[in-house]
Amino acid sequence: MDYNKTSAYDLSLFDTAAKELEKAKAIKKKKKNPPKVVKIPQEAIHKIRLRKHSPLKVIGGALGVIAIASVVITIIMGQVQLTELNQKIISAQNVLSDQQSVYTQTQMAVQSKLSTSGIQEYAENRLGMTKATNAQKEFVELSKGDKAEITQETDNDFLSQISNAISNLWS
């Protein structure tokens, strides 16, 4: 050691020991942790890039995509048909309400023409009819001699006699 220096502590003595300690730690780290960069040969890179997919996986994936697309298309088509049917229902309801109003108007017109005052007015003005007076009325009496006569037929036919006998049994 060099005691000629005036400083209280000589740190230069520890510098070399610290450098040696750092070198030893670096060597240990290199031994423990191998480098993380992996070198792949060019042939392997070309194989990975040109890797062929399994035909079963490709067919399965295509079938899955087709199934999903068909479900989505079916849902969309159903919604379109539902919308069209709703539009038809709305137009049919509009036609129905129009026809009901026309029906109501014609019923009112028929009722106005079929009223007794309308019929009486038509008969008086158009047909020239008048109300019947007592002079135009004829009275018929039926109480003078109402009689009922029963005539009895005399059938000598054998079948008619049998039918008469049977009808007499039931009466």
Separation between [atom1] of [X] and [atom2] of [Y], rounded to the nearest 0.5 Å:
{"X": "I59", "Y": "I66", "atom1": "CD1", "atom2": "CD1", "answer": "10.5 Å"}
{"X": "I119", "Y": "L127", "atom1": "CD1", "atom2": "CG", "answer": "11.5 Å"}
{"X": "Q161", "Y": "I166", "atom1": "CD", "atom2": "CD1", "answer": "12.5 Å"}

If the test is side chain to side chain contact (heavy atoms under 4.5 Å, CB included), which one of I68, I73, I75 qualifies with V71?
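One option only clears the test, and that one is I75.
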Any pair with a residue in residues 89-111 that passes side chain to side chain donor-acceptor pair (under 3.5 Å), sequence neighbours left out, goes on the list, sorted by first then second residue, please.
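Every pair satisfying side chain to side chain donor-acceptor pair (under 3.5 Å) with a residue in residues 89-111: Y103-Q107.
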With the side chain counted from C-beta on, respond yes when Q120 and M129 share a heavy-atom pair under 4.5 Å apart, and no when they do not.
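Answer no - side chains too far apart.
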